[in-house]
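See structure below.
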2 protein chains.
Amino acid sequence: MSLTGDRRAAQPADEPTGGPRSGRRRRSGRPEQPAATIGRVAEAAGVSRATVSRVMNGSPTVAAELAARVRAAAEALNYEPSLVARSLALGRTSTVSLIVPDLSNPMFQDVLRGLSHAAAGQGYRLLVAESNENVAEEAILAVEARRRSDGLVLASPRVPEAELRAISDRLAPLVLLNRDLPGSSVPSLSVDYAAGIAAIVAHLRSLGHRRIVYLAGPAASTSNRERQAALRANCAAEPVCVLTELACGATFDDGHAAAKAILRSGATAVVAFNDMVAFGALSGLHELGIGVPRDLSVAGFDDIPFARYTTPPLTTASIPRNELGRQAWDRLWALLGGGPAGHDVHFQPRLLVRDSTGPVPAGRAEAVGER
Amino acid sequence: MSLTGDRRAAQPADEPTGGPRSGRRRRSGRPEQPAATIGRVAEAAGVSRATVSRVMNGSPTVAAELAARVRAAAEALNYEPSLVARSLALGRTSTVSLIVPDLSNPMFQDVLRGLSHAAAGQGYRLLVAESNENVAEEAILAVEARRRSDGLVLASPRVPEAELRAISDRLAPLVLLNRDLPGSSVPSLSVDYAAGIAAIVAHLRSLGHRRIVYLAGPAASTSNRERQAALRANCAAEPVCVLTELACGATFDDGHAAAKAILRSGATAVVAFNDMVAFGALSGLHELGIGVPRDLSVAGFDDIPFARYTTPPLTTASIPRNELGRQAWDRLWALLGGGPAGHDVHFQPRLLVRDSTGPVPAGRAEAVGER
DNA sequence: ATGAAAGCGCTAACAA
DNA sequence: TTGTTAGCGCTTTCAT
């Protein structure tokens with residue numbers, strides 16, 4: 001993709017280079033029809049353009065008779081006000097942008113839905129762009145997307161802090177998701193992964209587990225770092241708790257491949273980086289004849305839609321993905337109104353205890369103490 | 001959502017009603033800075049606006065010295081050309097819109113990705129709107145989205161044909177997905193569900209199955225109707241083939257609930273409306289102690305990402321979701337260039353034989369013949 | 001209640 | 001090579 005080079009849109013091939021003066025054209029084989037403008041409507045109705053504008057915008061100060069005439073003319077000419085011209089005059093596009101690293105991630109899909117839906121409620125539309133995890137393009141993309149719209153939501157941006165800070169006011173009004181900019185006034189909404197991990201660990205401990213293995217996500221992932229750090233902190237805080245860490249990944253296959261290593265770790269419970277990994281582990285363990293939760297407990301993270309359908313259904317921590325999008329809109333809307341954006345929030349994941357976690361198998365409970 | 005009533009964007013609350021003349025404002029607590037325009041840059045660089053424009057657009061006809069001065073001025077003023085003004089002057093927004101019935105459907109998520117990615121390659125951005133399966137709003141949404149952009153992709157629109165036909169030229173350039181408009185010149189890309197069903201049935205028959213039960217999707221769903229019709233046609237064409245149809249639905253739970261009815265049907269193979277239903281059926285059958293594919297074969301449709309991870313992995317028909325988006329862009333791009341859009345295509349699903357289908361259990365093969 | 005006119009910020013023909 | 005000028009289509013003062 002050539003985002004870095006020429007930033008302008010390419011010109012469709014055989015577009016006659018006549019510029020706008022040749023009139024908007026009806027494609028698709030239609031006879032060329034010169035696209036009604038406010039001027040034409042005004043002319044047809046025998047009024048001024050101002051009056052047409054007023055009618056189109058529902059101003060009450062227009063005489064009923066005139067208004068009717070205008071509406072008739074508009075109808076006859078198939079008139080549709082140009083939103084671009086309107087945006088220019090109004091200084092407002094009624095569009096906001098969302099940048100996500102990866103559209104195939106359920107997290108971002110839900111943010112997209114929540115945001116799009118909430119924005120639609122106020123008549124705003126959504127421009128979506130994907131950075132494809134490409135850090136270099138992300139900033140460029142953000143600036144460009146912002147310029148096409150009235151505000152921006154940046155989801156889990158990978159841009160280095162210094163750079164983000166540098167462009168943050170060109171991006172305003174801006175809302176950050178799963179990222180913050182300490183010291184700035186940019187609203188930030190994020191998920192308290194540490195709290196989610198804490199809840200999982202507490203749950204596991206209450207079942208008697210003392211030896212935990214963590215199936216680590218990609219090293220580059222911020223959320224992995226957070227989860228991993230929380231796990232270490234939680235285990236260190238406990239009197240007896242052994243934590244083994246396994247480099248794993250973020251996919252089903254990564255989790256699947258880890259099955260044997262899990263067994264070797266001697267742990268009684270596995271905490272996976274995310275649900276996909278947990279899912280893979282479940283599958284791999286199953287193939288090795290290990291019963292879950294009979295022999296081993298497995299917990300995921302994220303509560304992806306399929307987590308309730310695995311066998312056994314997965315214990316995991318759910319995060320309010322849609323809500324993240326919805327509240328991002330609330331913040332943006334406030335900013336657009338020139339007001340303050342409401343407090344930042346740290347969403348607390350909710351522990352969903354399903355069937356993949358259970359008590360430590362008899363005879364293994366004291367393993368740690370005996371070492 | 002108030003799309004039907006007042007179609008304009010709401011005004012953010014305490015926005016001073018001064019219009020654009022009060023200047024673009026830096027939100028987020030920044031000191032008000034009057035936003036650089038091409039005029040200011042021209043002034044600062046001591047050249048005309050035309051020259052600034054040329055420099056910004058990389059015209060080679062500007063003296064190096066001048067160009068440098070302009071760039072310096074632009075830099076100093078933090079100048080960023082207004083894309084709205086540019087769009088107005090150019091008569092082109094470099095944005096296209098996509099309307100989908102439901103953003104949570106994996107099908108549309110992939111179309112979105114494919115389209116967004118392809119369009120980005122040409123410097124186009126994507127505006128996304130969701131109709132929420134709301135037929136009444138769909139048309140309005142489409143017209144509005146189209147007005148904000150240069151072209152439109154309508155995915156699986158639910159609008160009645162007459163209405164679609166009526167607005168189709170206000171929507172042009174337009175590309176239809178999973179829908180066609182016979183007699184019009186609107187490009188259409190769709191999936192040949194019938195062929196997918198035929199492939200599944202052929203596969204099942206080759207395994208010896210003669211009694212099939214169909215887990216039907218929502219009655220309102222076009223794709224269900226197509227799949228169901230194809231199933232009937234295929235079975236009717238076979239010498240011995242018994243088809244039972246069960247009203248089911250589109251979700252995991254629907255499939256799950258159908259397990260007993262499946263058994264009662266006496267069929268040896270089940271064809272589910274989609275993968276989720278098949279997935280649910282798998283789960284329900286498992287709970288009843290039925291082995292798949294030992295006792296019963298199960299086939300899905302769609303090849304959703306999780307289909308390979310069910311137990312057993314699901315035999316299904318895959319459809320090129322991303323490709324649909326990509327090719328939609330190709331068509332749109334051609335239309336934008338004023339050219340013809342390439343031929344319509346009917347994507348052929350690909351049969352993916354995994355482990356959920358197998359030979360008819362011994363002793364049941366002749367069941368049909370014996371009736 | 002209506003119209004005339006001056007923008008909004010940019011591009012492109014045309015002239016110099 | 002550069003500047004002048006006239007748009008693009010709409011909104012909104014300010015008069016009337």
Side-chain angles (χ1 to χ4, degrees), chain A residues 8-9 11 16-25 34-43 45-70 74 77 79-94 147-148 150, chain B residues 8-9 11 16-25 34-43 45-70 74 77 79-94 147-148 150:
Chain A
R8 358 252 342 216
Q11 289 262 25
T17 50
R21 282 176 198 74
S22 42
R24 222 192 285 159
R25 44 190 61 225
T37 69
I38 196 173
R40 279 181 161 59
V41 175
E43 195 177 356
V47 301
S48 73
R49 297 183 307 169
T51 298
V52 176
S53 173
R54 287 191 267 257
V55 171
M56 297 311 290
N57 293 307
S59 159
T61 76
V62 182
E65 192 267 336
L66 264 201
R69 230 161 65 208
V70 168
L77 294 176
Y79 171 63
E80 279 165 14
S82 151
L83 290 181
V84 176
R86 207 160 179 273
S87 294
L88 182 58
L90 250 27
R92 170 167 57 90
T93 63
S94 298
R147 287 206 290 143
R148 298 195 191 231
D150 300 340
Chain B
R8 0 250 341 214
Q11 289 262 26
T17 49
R21 282 173 198 76
S22 42
R24 223 192 287 158
R25 44 191 60 224
T37 69
I38 198 174
R40 278 182 161 60
V41 175
E43 194 177 358
V47 300
S48 74
R49 297 183 307 170
T51 298
V52 176
S53 173
R54 287 191 267 257
V55 172
M56 298 310 290
N57 293 307
S59 157
T61 75
V62 181
E65 193 266 337
L66 263 202
R69 231 163 64 207
V70 168
L77 294 175
Y79 171 63
E80 279 164 13
S82 152
L83 290 182
V84 175
R86 205 159 181 276
S87 295
L88 182 58
L90 251 26
R92 169 168 59 91
T93 62
S94 298
R147 287 206 292 145
R148 299 196 190 232
D150 301 338

Working to the nearest 0.5 angstrom, can you tell me the gap between [X] [atom1] and [Y] [atom2]?
| X | Y | atom1 | atom2 | value |
| --- | --- | --- | --- | --- |
| Ser48(B) | Leu66(B) | OG | CG | 9.0 Å |
| Leu88(A) | Ser82(A) | CG | OG | 9.0 Å |
| Leu77(B) | Arg40(B) | CG | CZ | 8.5 Å |

Can you work out whether Leu66(A) or Arg49(A) has the more 5'-proximal nearest nucleotide on DNA chain C?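 Looking at the nearest nucleotide for each, Leu66(A) comes out on the 5' side.
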DNA chain D: 5'-proximal contact among Thr51(B) and Ala85(B) (nearest heavy atom):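 Looking at DNA chain D, the more 5' nearest nucleotide goes with Thr51(B).
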Scan [X] against the nucleic acid and name what it touches under 4.0 Å (heavy atoms): base, sugar-phosphate only, or nothing.
| X | answer |
| --- | --- |
| Ala63(B) | sugar-phosphate |
| Val52(B) | nothing |
| Val84(B) | nothing |
| Leu83(A) | nothing |

Side chain of [X]: nearest nucleotide among [options]?
| X | options | result |
| --- | --- | --- |
| Ala50(B) | dG9(C), dA4(C), dG3(D) | dG3(D) |
| Thr61(B) | dT11(D), dT2(D), dC10(D) | dT2(D) |
| Leu88(B) | dG3(C), dG3(D), dG9(C) | dG9(C) |
| Val62(B) | dC10(C), dT2(D), dC10(D) | dT2(D) |

Any donor-acceptor pair, under 3.5 Å, between the side chain of Arg54(A) and the base of dG3(C), if you only look at N and O atoms?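 Present.
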Between [X] and [Y], what is the shortest heavy-atom contact and its length?
| X | Y | value |
| --- | --- | --- |
| Val41(B) | Val70(B) | CG1-O, 4.1 Å |
| Arg49(B) | Ile38(B) | O-CD1, 3.5 Å |
| Thr93(B) | Arg148(A) | O-NH1, 3.0 Å |

Describe, as an angle rounded to 10 degrees, how the axis at the first end of the helix from dA1(C)-dT16(D) to dA16(C)-dT1(D) is tilted relative to the axis at the last end, five pairs per end.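 Result, rounded to 10 degrees: 40°.
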